[in-house]
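To start, the structure itself, in structure tokens.
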Amino acid sequence: MIKTTATSAGAGSTQRFSRWMAAAVVSLLGVSTLAVDQVSAAGFSGSAAGVPLTDGSLYNVVDQVGARSLWAKGFTGRGVNVAVIDTGVADVPALSGPDKVVAMVDLSGESGDPATRFLDTYGHGTHIAGIIAGRDPGANPALAATHPEWFLGVAPNAGIVSVKVAGRNGAVDVSQVIAGIDWVVQHAARLNIRVLNLSYGTDTTQPYTIDPLAYAVERAWKAGIVVVAAVGNDGRAARQLSMPARDPYVIAVSAAERKNGQWKVPDWASSGDSERSPDLSAPGASIVSLRNPGSFADVEHPTGFVSQALFKGSGSSQAAAVVSGAAALILSARPALTPDQVKGLLTTAADSKAITARAVKFSGSGLLDVAKAAVTATPQVTQSWPLSTGLGSLEASRGSAHVLLNGTVLQGEVTILGTPWVGVSWAGADWAGGSWNGVSWAGVSWAGVSWASASWTGVSWAGVSWAGVSWASASWTGVSWAGVSWAGVSWAGVSWAGVSWPVAAWS
């Protein structure tokens, strides 16, 4: 065993941590299985100690969706691992423990720097992972009803597989997300990945039947992985779900907001259309999850601060994370279920009367009720929508979400690696063979070399961070932060579909 010490790069604070890394390294990309030191529960009071129990506290959310009743029966997500393609995870107590973050990979521009490799420097991935499966050290789900000071996610004994694709500014290209999905599919059997959370979306207008991102999630679905996708936060006039939530095979999740004891559709909720609407809704407003001290979100959105350990955020990202946790609970109780059956149970059992003035195009079949889903007869259902060919345009799949590489907009039929995108070379071939655009992803490296000696379209990976990457466009269309709309600065209205931290301005 090798003990390693790393430093998390975060504005305003530096975090040091020690982990015992398992000897077996999966790949030169830095994929490692982790056995994390157990934190002593002696004198433990819990991350939520002294924090008011708002509607968005996880203590209340697990009751709102019926998760606690499954915990009482012993179904806590144990034995199920959830892949989270996001901004990584932070080394915080509620994501510690040998059964919590079971594996990591870093496909972001920060993987070349040991100070940032694997680590969430943005804050979003930590928040999402906490909702899905966070658990304070020493907290016991069976006793949690009498311990509101404990922090526990929806599936507190599920494991997290962190697939980091974005760094401190959150910028990510769709080709990186596709690569992350490919990695998850290739490692699903070994890592027992049963659920994939994608709190990400683009505003492409390309039909899902040819979109490369849609093809990627369908491949994961066919591999036995329940894919949960956020629908976006583009407002009621959007009339279109984000991709990949628009793909009818996946579970598309919208957010519900609890006000004055009533569930309502938030003003920022994206609307579906006559062809595709959300499948169901889950709590997604002012959700209190894990804080990543010194991260971009923590520094730039101080009004999200709840406590030293907790932070609040709103959006379909948070709602999708709640559903991913619910899927893990269902699979821990009934591991033989197929993705189609899990989707059938969750949508059939959703409470269609819970959300005031509910419309299917905003809320789908209703509010998540995982307790009811767990006791509903297994549906004998097989989805038979037209399949995506994946042969469409990568540029069209980006929609308006573009990243800058050293000041140059990445666009056209080219991947983040600078390699040509030729859809037929991967969509028409066997992805499981480990080939993606001619680049090996199967546990060795990209393009046959390690990151230390490779360059990312002109950006060196030799121990430095990805300094030149940012968003090319400018506005979170239709999304408000703490009731105040952005003054024209957004991520092209897409990307991390659930990023909404309560703040009045963007510095």
- Note on the structure: Sequence neighbours excluded, the answer for side-chain contact (heavy atoms from CB on, under 4.5 Å) partners of T205 is Q240
- Qualifying residues under salt bridge (charged side-chain N to carboxylate O under 4.0 Å, His left out), relative to R194, sequence neighbours excluded: none
- Listed by chain and number, what are the side chain to side chain donor-acceptor pair (under 3.5 Å) partners of Q206, not counting sequence neighbours? D211
- Item | Contacts of type side-chain contact (heavy atoms from CB on, under 4.5 Å), residue A319, not counting sequence neighbours | V253, A255, A282
- Query: Of all residues at least two apart in sequence or in a different chain, which pass the side chain to side chain donor-acceptor pair (under 3.5 Å) check with S270?
  - Reply: none
- Please identify each residue that fulfils salt bridge (charged side-chain N to carboxylate O under 4.0 Å, His left out) with D273, with sequence neighbours left out. none
- Note on the structure: Sorted by chain and residue number, the side chain to side chain donor-acceptor pair (under 3.5 Å) partners of T76 (sequence neighbours excluded) come out as N157
- Do the ring planes of F296 and Y122 sit parallel (below 30°), tilted (30 to 60°) or perpendicular (above 60°)? parallel
- Message: According to salt bridge (Lys or Arg N to Asp or Glu O under 4.0 Å), does anything in residues 324-348 pair up with another residue at least two apart or in another chain? List the pairs.
- Response: D279-K343
- Message: Restricting to side chain to side chain donor-acceptor pair (under 3.5 Å), what partner residues turn up for S393, sequence neighbours left out?
- Response: E413
- Message: So that I can tick it off, tell me whether K164 and D120 are bridged by a salt bridge, with the cut-off set at under 4.0 angstrom between side-chain N and carboxylate O.
- Response: no
Tell me which donor-acceptor pairs under 3.5 Å the side chains of residues 52-63 have, and how far apart each pair is, sequence neighbours excluded?
unit_1 : atom_1 : unit_2 : atom_2 : d
T54    : OG1    : G56    : N      : 3.4
T54    : OG1    : S57    : N      : 3.4
S57    : OG     : T54    : O      : 2.9
S57    : OG     : N60    : N      : 3.4
S57    : OG     : N60    : ND2    : 3.4
Y59    : OH     : A145   : O      : 2.5
N60    : ND2    : L53    : O      : 3.4
N60    : ND2    : T54    : O      : 2.8
D63    : OD1    : R68    : NE     : 2.8
D63    : OD2    : R68    : NE     : 3.4
D63    : OD2    : R68    : NH2    : 3.3

- Which pairs pass salt bridge (Lys or Arg N to Asp or Glu O under 4.0 Å) with one or both residues in residues 357-385, sequence neighbours excluded? none
- Message: Tell me which pairs pass side chain to side chain donor-acceptor pair (under 3.5 Å) where either residue lies in residues 243-258, with sequence neighbours left out.
- Response: none
